[in-house]
Amino acid sequence: MTENTSTRAPVDPESTAALAANGLELTLLDTSPANTANTANTASTANTAMLRRWILAESRGFHEPEPSDERLAGQAAEIAGDRVTAVWDQTAADPQTPVATIRSWVMGLTVPGGAALPAWAISSVTVSPTHRRRGVARALLGGELRAAAREGLAMAMLTVSEATIYARYGFGPAVHQADYVIDSTRAVWTGPVPAGRVQFVSPESLLVDGRALFERTRTLSPGEVDRRPNVWAHRLGLNPRHPGASTQDLRAVRFDDAAGVPQGFALYTVAITGNSFPARLTLTDLVAATDDASAALWRFLLEMDLVTEINAPQRSVSEPVAWQIADRRAVRKVDESDHLWLRILDVPAALAARSYAAADDFVLDVTDDLGFAAGRFAFSTTTTTSTTTTTTDAAGRAHPLPATTGSAPETRDTAEPADPAEPAGPAAPAALALTVADLGSLYLGGASATELVRAGRVRELTPGAAARLDAVMRTELPPYLSTGF
Ligand SMILES: CC(C)(COP(=O)(O)OP(=O)(O)OC[C@H]1O[C@@H](n2cnc3c(N)ncnc32)[C@H](O)[C@@H]1OP(=O)(O)O)[C@@H](O)C(=O)NCCC(=O)NCCS
């Protein structure tokens, strides 16, 4: 798990000043475990009471029911150690309840090549309907990004309630998710039947086995993030946020390969649709370290007696299951939407963190309204191993170029004719002009530069540059994130 350095970041002076100009006050709350342990107790310390009001404000912001004291305690435990910020209006009828909330922490983001890049995760962004559209969210988001940059992080990230809010802060949609509905009566299995066995296990056992499996698989999946303890507890029906909730309808199965080594697990519930069968199965988690594990678990689910429909929400946009059944039209992708949004704060550091699929050289002219990542960057994925050979530089390198007076980089089609002595063709750097949000969308290989050029978002300053960038950024699997936050 990535070290969480977010809490040591002090309150942001620029945000404090912007909110003060609006008559509002910004504070950071103490979320140390000692303080969050007894949040349900209203008679405890002033900060504990504030934290309780913060949770109530956040729930109200997302139109959730007011949490019971028991649930409040669970939620307080979940956010222990996070950077929790509140905005107060002392002139309001209820000055004890924040008028805006935001929360952040640092966690690992899997990038192509398998490394976990520490990234600033942002959540709980709410502004009271009584204080909306006065720039409160802008002040809070700016403060988070400045704090992340001060901590030296190359990336911020969030999953969003609406796709219209965050591009203005430089976030681009980088990972997409799909919901599937499968008519299992038509989905006769034609895929591989791997050696090994699927067996029922207790959800609790996956706190150990499941975690280990997840850690093995996440390196294969760009876009995946750390699964925090509360995510496991929620997935496995052990969440203190919902004390007393029945876990009896949650089933857990594990696939062990022929050697008896656990290689995957699935969690699901089955609900009878009406007074009698048939039933509908909802897949709530499936983690597979191998293709065999994926095939074995999908086959197990599709062949479940008394079940005629499988709902599989929040899965990869490219689940292989349609290729493994007799009637591929039995699988319907009923929704596909943006999931993880990335905000690059440091272009060279972000580009150096991932690996690449091809060797090439680029000049990227990046614009950023908030200034963090703006500039011209020479970006290279090549290593010269001899005078004639280049190979992929798995680390990738990017460095800022000297500032130019114009916004567009000097490139083959805008600059003086090339010196005939200079290398031509693929050896010449390809140039593209793009926003930091679009670079965030391209970063994990989940968007195509060619498509963004066609959409009029990215400018291709060297003909063919977009296709070259796509060849370099391409990943074996499309990015996938199995959780929201
Ligand atoms: C989304 C929300 C946080 C915005 O707060 P706010 O303080 O009203 O936002 P601001 O006044 O700072 O607005 C900043 C910009 O975002 C725009 N904006 C704000 N909310 C928006 C929305 N829901 N959709 C599209 N644009 C939005 C504003 O028009 C403004 O645009 P501009 O800078 O181009 O003028 C608030 O409406 C809210 O709490 N919504 C419910 C909870 C939610 O959805 N949170 C987001 C979770 S990911």
Side-chain angles (χ1 to χ4, degrees), residues 6 11-12 14-27 53-67 75 78-79 82-89 91-92 94 97-105 107 109 119-148 155-177 223 225 228 230-231 314 337-343 367-372 435-438 440-441 457 481 483-485:
S6 65
V11 69
D12 182 69
E14 210 176 303
S15 305
T16 304
L19 291 165
N22 247 323
L24 302 172
E25 189 189 343
L26 181 69
T27 60
R53 304 306 302 179
W54 184 95
I55 295 170
L56 291 170
E58 189 222 14
S59 302
R60 189 171 65 188
F62 287 116
H63 308 300
E64 289 171 358
E66 187 156 319
Q75 284 181 250
E78 282 180 13
I79 63 174
D82 290 356
R83 184 173 196 264
V84 169
T85 304
V87 178
W88 312 90
D89 181 350
T91 67
D94 171 15
T97 302
V99 295
T101 61
I102 196 163
R103 178 166 64 93
S104 54
W105 65 96
M107 67 176 169
L109 164 70
W120 191 270
I122 299 173
S123 188
S124 306
V125 183
T126 73
V127 175
S128 165
T130 53
H131 289 68
R132 67 195 283 279
R133 308 303 182 265
R134 294 192 208 167
V136 175
R138 175 170 286 279
L140 291 175
L141 263 303
E144 291 297 323
L145 297 179
R146 286 186 290 276
M155 187 76 75
M157 59 184 180
L158 37 72
T159 57
V160 306
S161 61
E162 291 183 89
T164 46
I165 302 173
Y166 293 101
R168 60 173 55 74
Y169 306 114
F171 289 86
V175 179
H176 290 73
Q177 65 176 15
V225 301
R228 308 178 93 201
N230 65 303
V231 174
Q314 210 173 88
S337 58
D338 55 279
H339 188 27
L340 182 72
W341 290 60
L342 293 184
R343 204 298 175 199
T367 50
D368 179 353
D369 288 347
L370 301 186
F372 295 101
T435 64
V436 67
D438 286 338
S441 292
R457 297 182 67 97
L481 170 61
T483 52
F485 57 90

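Please read all numbers here as calculations on a predicted model, not as lab measurements. The figures that follow rest on heavy atoms only: side chains count, while hydrogens, waters and symmetry mates do not. Atoms within a ligand are numbered from 1 in the order they appear, just like the ligands themselves.
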Hey, which atoms in ligand 1 end up nearer than 4.0 Å to a heavy atom of R132? 8 (O)
Considering only protein heavy atoms, determine whether one is less than 4.0 Å from atom 35 (O) of ligand 1. no
If we check side-chain contact (heavy atoms from CB on, under 4.5 Å) with E144, which of these qualifies: T85, D12, V125? T85
Can you tell me which portion of Y169 lies within the under-4.0 Å heavy-atom range of ligand 1? Options are side chain, backbone, both, or neither. side chain
Ion pair R228/E78, N-O distance below 4.0 Å: no
Relative to the heavy atoms of Y166, which atoms of ligand 1 are at a distance of less than 4.0 Å? 46 (C), 47 (C), 48 (S)
Could you list which atoms of ligand 1 come closer than 4.0 Å to a heavy atom of T126? 39 (O)
Starting from atom 47 (C) of ligand 1, find the nearest protein heavy-atom neighbour and note its residue, name and distance. S161 OG, 3.4 Å
Which heavy-atom pair separates F171 from A437 by the least distance, and what is that distance? O-CB, 3.5 Å
Nearest heavy atom to atom 10 (P) of ligand 1 wins, so pick from G61, G135, A139. G135
Would you please say whether a donor-acceptor pair under 3.5 Å links the side chains of T101 and E58? no
For atom 39 (O) of ligand 1, the protein heavy atom that lies nearest, with its residue and separation: V127 N, 2.8 Å
CZ-CG distance between R168 and L370, expressed to the nearest 0.5 angstrom: 11.0 Å
Where is the tightest heavy-atom contact between L26 and S15, given as atom of each residue plus distance? CD2-CB, 3.8 Å
Measure the spacing between OG of S123 and CD1 of I102 and express it to the nearest 0.5 Å. 9.0 Å
Which residue from H63, R168, E162 reaches closest to atom 18 (N) of ligand 1 through any of its heavy atoms? R168
Is it true that a side-chain atom of T159 and a backbone atom of H339 form a donor plus acceptor pair closer than 3.5 Å? no
Can you give me the closest heavy-atom contact between A137 and V127, atom names plus distance? N-CG2, 3.9 Å
What protein heavy atom is closest to atom 45 (N) of ligand 1, reported as residue, atom name and distance in Å? V125 O, 2.7 Å
Which residue holds the protein heavy atom closest to atom 25 (C) of ligand 1, what is that atom called, and what is the gap in Å? T164 OG1, 3.3 Å
What protein heavy atom is closest to atom 7 (O) of ligand 1, reported as residue, atom name and distance in Å? A137 N, 3.0 Å
Filtering R134, R133, R138 for the heavy atom nearest atom 6 (P) of ligand 1 leaves R133
For atom 1 (C) of ligand 1, state which one of T159, L140, I165 supplies the nearest heavy atom. I165
